[in-house]
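Reviewing the structure listed below.
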Amino acid sequence: MASATPRIKVPESATKGEIIEIKTLISHKMETGLRKGKDGKIIPRQIINKFTCSFNDQVIFSSDWHPAVSANPLMSFHMRATESGRLDFAWHDDNGETYSKSADLTVA
Amino acid sequence: MHVKILIGTAAATAVLAGFSSAALTGGEWGKYQVGDLRSGYTYAAPETRAIQDDDFENPAMLALDYGAELWSMKDGDANKSCADCHNDAEDSMKGVGARYPAFYEPWDKPINVELRINECRENNMKAKPWKYESREMLGMTSYVKYQSRDMPVNVDIGGPSTPFFQKGKAFYYERRGQLDLACKHCHEDNSGNMIRANLLSQGQSNGFPTYRLKWQGVGSLHRRFRGCNSQVRSTPFGYGSDEYVNLELYLAWRGRGLPVESPSVRN
């Protein structure tokens with residue numbers, strides 16, 4: 001997998017106080033660092049080790065990931081919609097890269 | 001000895017009872033069941049089925065997105081993309097996934113979607129063919145087959161396809177490998193039974209390419225064939241080989257009427 005492609009699913013609008021579900025999916029091989037290649041050498045670990053979601057620049061959800069997390073990980077969680085704003089999602093890779101995506105939420 | 005026989009009879013009765021009650025309800029699996037035919041979906045774990053039910057959660061959709069991207073990407077010496085000739089895949093590719101493998105006259109034999117894509121790439125786009133199990137090929141095959149989603153599988157086995165269909169059928173019933181098993185021993189005689197920790201399905205092909213949790217990725221039907229063949233300790237045939245295309249044709253015929261589910265999710 002050449003690059004990681006994130007996908008997110010956030011409702012465009014919500015009523016004030018409503019609990020909404022946010023779903024995220026990213027293509028990533030999540031190489032555990034425990035496997036050996038054909039040459040018998042260990043394939044170096046490369047996983048996404050941290051996932052964060054911030055709402056209007058304030059972190060509302062964050063999780064550390066470990067080698068047991070599957071390839072192409074899906075993460076879903078709930079939040080209470082209080083005001084309109086922007087959701088920023090970030091996936092931090094072992095190689096230092098950060099994949100990000102954002103969505104706007106309108107609260108009526 | 002006596003006790004053994006009793007247990008055997010009881011188990012057989014239970015299986016029969018289970019079977020007839022399923023037949024009476026006329027398909028408890030909805031669109032995933034046509035008569036006695038059951039898609040691999042119905043053998044998957046509930047959690048796995050939930051992943052397939054939600055297109056967002058289905059990780060195979062990432063491959064499909066990539067396929068959609070490639071559809072309009074120019075490539076090869078002819079500098080053409082799929083879209084230049086076939087326009088909108090939603091119209092032009094509708095039904096393809098349901099009727100392939102189909103007889104292809106220039107080759108004088110049946111051809112499957114993967115090989116047809118590469119044929120087009122080589123002859124019309126003058127581009128390098130994709131490797132059978134490459135990300136590009138799986139993405140494009142998923143994308144093309146997806147356009148026939150929920151259409152009933154309906155392959156043509158008449159006319160020039162018949163001898164190839166017969167070969168595929170012979171393959172299905174032919175014992176092979178050190179374990180001396182034919183496809184039918186697991187998927188016809190024992191579908192619904194456990195093989196160690198795994199539940200045997202009918203081995204239907206309507207969901208391929210599929211995201212297999214064990215593979216942690218999308219794989220083709222021929223990859224699955226090769227896995228099966230290795231498991232009975234026989235030498236697998238090559239990707240896109242005549243043997244596998246014939247078998248693919250026969251399998252599609254066996255599962256005729258089941259909806260195209262590509263790209264599906266399996267255990």
Side-chain angles (χ1 to χ4, degrees), chain A residues 1-12 14 20-38 43-49 51 53 61 63 65-79 87 89 91 93-94 97 99-103 105, chain B residues 44-73 75 128 130-143 146 207 209-220 223 226 230 236 262-267:
Chain A
M1 218 157 279
S3 62
T5 324
R7 293 177 98 196
I8 49 175
K9 190 181 182 185
V10 179
E12 275 180 18
I20 57 171
E21 186 179 20
I22 292 164
K23 284 184 178 179
T24 71
L25 180 70
I26 188 165
S27 65
H28 198 282
K29 60 189 173 183
M30 298 293 277
E31 190 59 59
T32 59
L34 303 170
R35 295 197 308 155
K36 284 176 183 168
K38 282 198 178 118
I43 306 170
R45 180 183 121 156
Q46 194 197 337
I47 64 168
I48 292 170
N49 54 48
F51 166 78
C53 170
F61 184 93
S63 65
W65 291 356
H66 297 278
V69 173
S70 78
N72 306 320
L74 171 104
M75 173 64 79
S76 89
F77 54 94
H78 295 84
M79 74 172 273
L87 285 155
F89 301 86
W91 292 259
D93 196 310
D94 271 348
E97 267 187 86
Y99 317 109
S100 52
K101 195 144 187 171
S102 55
L105 175 71
Chain B
E47 296 82 359
T48 312
R49 295 201 297 267
I51 301 176
Q52 183 179 325
D53 287 342
D54 184 345
D55 277 349
F56 182 83
E57 287 189 25
N58 184 346
M61 289 295 163
L62 293 162
L64 190 133
D65 285 352
Y66 185 53
E69 228 175 89
L70 291 171
W71 182 262
S72 48
M73 206 180 278
D75 199 3
K128 247 178 82 177
W130 283 323
K131 277 195 175 157
Y132 202 92
E133 210 61 19
S134 63
R135 187 168 164 245
E136 287 80 10
M137 181 55 94
L138 290 167
M140 184 56 79
T141 313
S142 304
Y143 183 63
Y146 175 77
T210 187
Y211 188 92
R212 204 168 166 223
L213 302 180
K214 179 186 167 185
W215 291 337
Q216 299 266 292
V218 181
S220 69
R223 180 173 176 190
R226 286 170 63 87
S230 312
S262 316
S264 64
V265 184
R266 298 288 185 262
N267 293 358

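Below, read A as the first sequence line, B as the second, and so on, with proteins coming before strands; counting in each chain starts at 1. What's counted below: heavy atoms across the whole structure, side chains too, no hydrogens, waters or symmetry copies.
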Can you tell me which portion of A:S76 sits under 4.5 Å from chain B's heavy atoms? Options are side chain, backbone, both or neither.
neither
Quick check: closest heavy atoms across B:Y211 and A:N72, and the distance to 0.1 Å?
OH-ND2, 2.9 Å
Report the distance from atom CG of B:L62 to atom OG1 of A:T5, rounding to the nearest 0.5 Å.
6.5 Å
At a 4.5 Å cut-off on heavy atoms, which part of B:Y66 comes close to chain A: side chain, backbone, both, or neither?
neither
Separation between CD of B:E57 and CG of A:L25, rounded to the nearest 0.5 Å:
8.5 Å
Which value, rounded to the nearest 0.5 Å, describes the distance between A:R7 atom CZ and B:D55 atom CG?
8.0 Å
